[in-house]
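Following: one structure in structure tokens, then a few remarks.
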Amino acid sequence: MPEGPTIVLMKEQLLPYIGKDIILTQGKTNFDLHHLKGQTLKDIRLLGKQTFLILENAIIRIHLLMFGSYETGQATKPAKNLKLGLIFENGGMFFYTCSVKLIDKESFSHIDWEADVMSKIWNPQKAKEKLLAHPNMMVCDALMDQDIMAGSGNIIKNEVLFRIGVQPESTIDALPQAKLENLLSEVRNYSFDFLKWKSQNTLSKHWQAYQQKICPQCGGPITKKITGHSKRNSFFCKTDQELYN
DNA sequence: TGCCATGTTAAACT
DNA sequence: GAGTTTAACATGGC
């Protein structure tokens, strides 16, 4: 169950199959899997929560959504949930309960790779311009917007806002310049902390606001509230986080 | 046990 | 037809 960093970890598991030929396909997709057989997996690219499998003659987009899961090597989960299985000479990759789509070259060529907060070409300046183009946008929505900050999700949103001391319903135009810069740097910083803690299986131990009841700084209550157009739960401290609007 | 959730899409509304 | 809301997906943790 994925935000961007989880997908970065998934990609590491998929790397051994780059350069290998697909010898068998499995699963149930809304396109014909048959023509994938025999193709080489040329590359794997990520944009936030999306994974692109670049084949010789097709591009497949995988999105794990909320409940999706994957395995590499051998498939062990119930076949009825298998959306896509690709078998290579050295093992397979299996994606369950997720979205699997064929992407045409045209739309693939228009992807803004610089929007991925974990990418080495992440472009916070460009993200800032996109944010400023939506002055009334609430920061809780900004941090869920996959066109602006691809890979950020509800956990990252809440933890970033706690770190920078800003309440989720603050708006972009009311945010002091320094806080905006803060937001852009912490969304990347926290994503890499997320990656580190996730790989150590200690992610939830490090939550300061998300799913918390007591503020670790002031000892006061953490407020839980559905916020923004994205209508996702926000967790925040009214004392240690300022509302700018 | 039952409820809720790291997310997006498409159907079903207005 | 547009914009908006709801349901679906179906697992795992508390």
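Here is how names work: the chains are called A, B, and so on, in the same order as the sequence lines, proteins then strands, and each is numbered from 1.
A donor-acceptor pair shorter than 3.5 Å cannot be found between the side chains of A:Q211 and A:S204.
Looking at A:K126 and A:D112, a side-chain N of the basic residue comes within less than 4.0 Å of a carboxylate O on the acidic one, giving a salt bridge. Salt-bridge check for A:E3 with A:K198: failed, with every basic side-chain N at 4.0 Å or more from each acidic carboxylate O.
Atom CG of A:N81 and atom C1' of C:dA8 are 14 Å apart (whole Å). In this structure, A:I226 atom CD1 and B:dG7 atom C1' are separated by 14 Å, rounded to whole Å. Atoms CG (A:N201) and C1' (B:dT6) sit 14 Å apart, rounded to a whole Å. The interatomic distance linking A:I103 (CD1) with B:dT9 (C1') rounds to 13 Å, in whole Å. The distance between atom NZ of A:K83 and atom P of B:dT9, rounded to the nearest whole Å, is 12 Å. Taking atom CD1 of residue A:I156 and atom P of nucleotide B:dA5, one finds them 18 Å apart after rounding to whole Å. Atom pair A:Y210:OH and B:dC4:P shows a separation of 13 Å (rounding to whole Å applied). Rounded to a whole Å, the CD1 atom of A:I7 is 13 Å from the C1' atom of B:dT8.
Ring pair A:W113/A:F108 is perpendicular by interplanar angle, where above 60° counts as perpendicular and below 30° as parallel.
Neither OP1 nor OP2 of C:dT11 sits under 4.0 Å from any side-chain N or O of A:Y96. Between A:K224 and B:dA5 there is a side-chain polar atom (N or O) within less than 4.0 angstrom of OP1 or OP2. In terms of phosphate contacts, A:N154 brings no side-chain nitrogen or oxygen within less than 4.0 Å of OP1 or OP2 of B:dG7. At least one side-chain nitrogen or oxygen of A:N233 sits closer than 4.0 Å to the OP1 or OP2 atom of B:dA5. At the phosphate of B:dT6, neither OP1 nor OP2 sits under 4.0 Å from any side-chain N or O atom of A:K49. Contact annotation: A:R232 side-chain N/O to B:dT8 OP1/OP2 distance is not under 4.0 Å.
Mapped onto DNA chain C by nearest heavy atom, A:K80 and A:S204 fall at different nucleotides, with A:K80 at the one closer to the 5' end.
The partner of B:dT6 is absent, by the rule that a Watson-Crick or G-U pair needs both atom distances under 3.5 Å.
Closest to the A:K231 side chain, of the nucleotides C:dT5, B:dA5, C:dT11, is C:dT5. For A:K101, taking side-chain heavy atoms from C-beta onward, the closest of the listed nucleotides B:dT6, B:dA10, B:dG7 is B:dA10. Nearest to the side-chain atoms of A:T97 among the listed nucleotides B:dT6, B:dT8, C:dC9 stands C:dC9. Comparing atom distances between the A:R61 side chain and each of B:dT6, B:dT9, B:dG7 picks out B:dT9 as nearest.
When the P atom is used for both C:dA10 and B:dA11, the distance is 16 Å, rounded to whole Å. Annotation: C:dT5 and B:dT6 have their C1' atoms spaced 23 Å apart (nearest Å).
Expressed to the nearest 0.5 Å, how far CG of A:L55 lies from CG of A:L102 amounts to 8.5 Å.
Heavy atoms of other residues, nucleotides or ligands lying less than 6.0 angstrom from CD of A:Q74 number 12 at most.
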